[in-house]
2 protein chains.
Amino acid sequence: MVNILNLLKALTDETRLRIINLFIKSGENLCVCELMDALKLPQYTVSKALAVLRSANLLSTEKEGTWVYYKLNKNKPEYKKLFSFLKSYLNLDVFLEDEIRLNERLLLRENNKCVIGIIPEKNLLKLIKQKTKVS
Amino acid sequence: MVNILNLLKALTDETRLRIINLFIKSGENLCVCELMDALKLPQYTVSKALAVLRSANLLSTEKEGTWVYYKLNKNKPEYKKLFSFLKSYLNLDVFLEDEIRLNERLLLRENNKCVIGIIPEKNLLKLIKQKTKVS
DNA sequence: TATTTGCATGCAAAATTTTGCATATATTAT
DNA sequence: ATAATATATGCAAAATTTTGCATGCAAATA
């Protein structure tokens with residue numbers, strides 16, 4: 001049984017909401033470095049936010065080598081109404097900008113797997129420019 | 001447009017959730033003294049919680065003499081999904097106990113208006129005992 | 001006009017949460 | 001084995017929120 005107060009607490013934070021938004025909108029499993037680039041936040045901030053969401057049972061993880069993929073627990077029936085509610089309210093500009101950066105970052109995947117780790121923004125932007133020029 | 005973070009912040013507090021629960025479950029407009037008795041909390045705690053919920057536009061007020069009736073803004077279309085979500089999660093024991101005490105307190109209304117103000121718990125229980133004996 | 005009553009609110013202390021750094025862990029590559 | 005890389009986390013300072021008291025205000029009543 002879900003305690004609604006703990007559930008709301010886990011969501012009541014801008015970083016954590018931005019993360020949830022990315023999972024809802026993208027439908028993808030995402031690793032920490034991809035979220036870092038989409039959110040433009042340091043690694044420890046992203047990891048800590050993910051830990052809170054995970055301990056609220058909103059996310060779960062799958063490890064692949066050194067990479068950790070987080071995914072939204074969207075099939076838990078107790079969260080159906082929650083996600084439906086969130087979906088209709090996650091419409092701030094911040095969220096949209098995150099989504100755009102995430103889509104760019106996801107272009108760098110290979111076989112739908114993250115192959116770029118934590119790199120300086122400058123290098124990231126260069127890689128993205130290359131990718132988008134090719135297509 | 002509703003900012004979801006502010007909305008969640010307003011709800012992320014036990015007292016405020018208990019109040020929202022009472023409005024959702026009872027369907028009534030309620031005044032501060034009635035909420036005090038249902039929640040067993042001091043007047044300033046209840047008033048402050050109500051102020052937060054009001055400034056998040058979840059509640060609004062109607063003044064009648066010295067009494068102030070609060071009511072849930074349940075018809076605002078932007079809150080439809082929120083209330084539907086909340087309804088399905090507001091099932092903790094605390095909430096149920098509040099509902100029971102509220103129902104007793106509401107027995108003391110006359111013409112569906114609050115006529116008892118802020119009274120010591122002892123006196124309240126006596127009044128309720130009388131009412132329930134009669135019926 | 002003075003008092004009572006229902007409710008609101010300013011303020012400081014206490015409690016909680018967030019932030020940032022440093023460092024730890026685990027897996028891969030050399 | 002060593003180094004490098006992706007992620008996690010302990011801890012203290014900073015920021016935010018809650019709590020409790022005291023007091024304020026407005027409407028009703030004496």
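Proteins come first, then strands; the chains are lettered A, B, ... in the order of their sequence lines, and each starts at number 1.
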Could you tell me how far apart [X] ([atom1]) and [N] ([atom2]) are, to the nearest whole angstrom?
X: D37(A); N: dA6(D); atom1: CG; atom2: C1'; value: 13 Å
X: M36(A); N: dT5(D); atom1: CE; atom2: P; value: 14 Å
X: L50(B); N: dT19(D); atom1: CG; atom2: P; value: 14 Å
X: D13(B); N: dT16(C); atom1: CG; atom2: P; value: 13 Å
X: K48(B); N: dT19(D); atom1: NZ; atom2: P; value: 10 Å
X: E64(A); N: dT7(D); atom1: CD; atom2: P; value: 11 Å
X: L30(B); N: dC7(C); atom1: CG; atom2: P; value: 11 Å
X: K113(B); N: dG6(C); atom1: NZ; atom2: C1'; value: 15 Å

When you get a sec, tell me which of [options] is the closest nucleotide to the side chain of [X]?
X: Y44(B); options: dT7(D), dT9(D), dC21(D); answer: dC21(D)
X: S47(B); options: dC7(C), dT27(C), dG10(D); answer: dC7(C)
X: V68(B); options: dA8(C), dA26(D), dG10(C); answer: dA8(C)
X: C33(A); options: dT5(C), dT7(D), dC7(C); answer: dT7(D)
X: I118(A); options: dC7(C), dT19(C), dA6(D); answer: dA6(D)
X: Q43(A); options: dA8(D), dC21(C), dC7(C); answer: dA8(D)
X: Y70(B); options: dT18(C), dA8(C), dC11(D); answer: dA8(C)
X: K63(A); options: dC7(C), dC21(D), dA26(C); answer: dA26(C)

Basic-acidic side-chain contact under 4.0 Å: [X], [Y]:
X: E104(A); Y: K131(A); result: no
X: R109(A); Y: E28(A); result: yes
X: E97(A); Y: K40(A); result: no
X: E64(B); Y: K113(B); result: yes

- Closest to the 5' end of DNA chain D, once V115(A) and T45(A) are matched to their nearest nucleotides, is V115(A)
At less than 4.0 Å, is any side-chain N or O atom of [X] found next to OP1 or OP2 of [N]? Yes or no.
X: T66(B); N: dA27(D); answer: no
X: K9(A); N: dT17(C); answer: yes
X: R54(A); N: dA8(D); answer: no

- Note on the structure: Heavy-atom nearest nucleotide on DNA chain C taken for V32(B) and for R16(A); more 5' hit belongs to V32(B)
- Query: Per the ring pair (Phe, Tyr, Trp, His ring centres under 6.0 Å) rule, which among F85(A), Y79(A), F83(A) passes with F85(B)?
  - Reply: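 It is F85(A), the one option of F85(A), Y79(A), F83(A) that forms the ring pair (Phe, Tyr, Trp, His ring centres under 6.0 Å) with F85(B).
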- Query: Looking only at atom types and distance, does a side-chain atom of S84(A) sit under 3.5 Å from a main-chain N or O of K80(A), one as donor and one as acceptor?
  - Reply: no
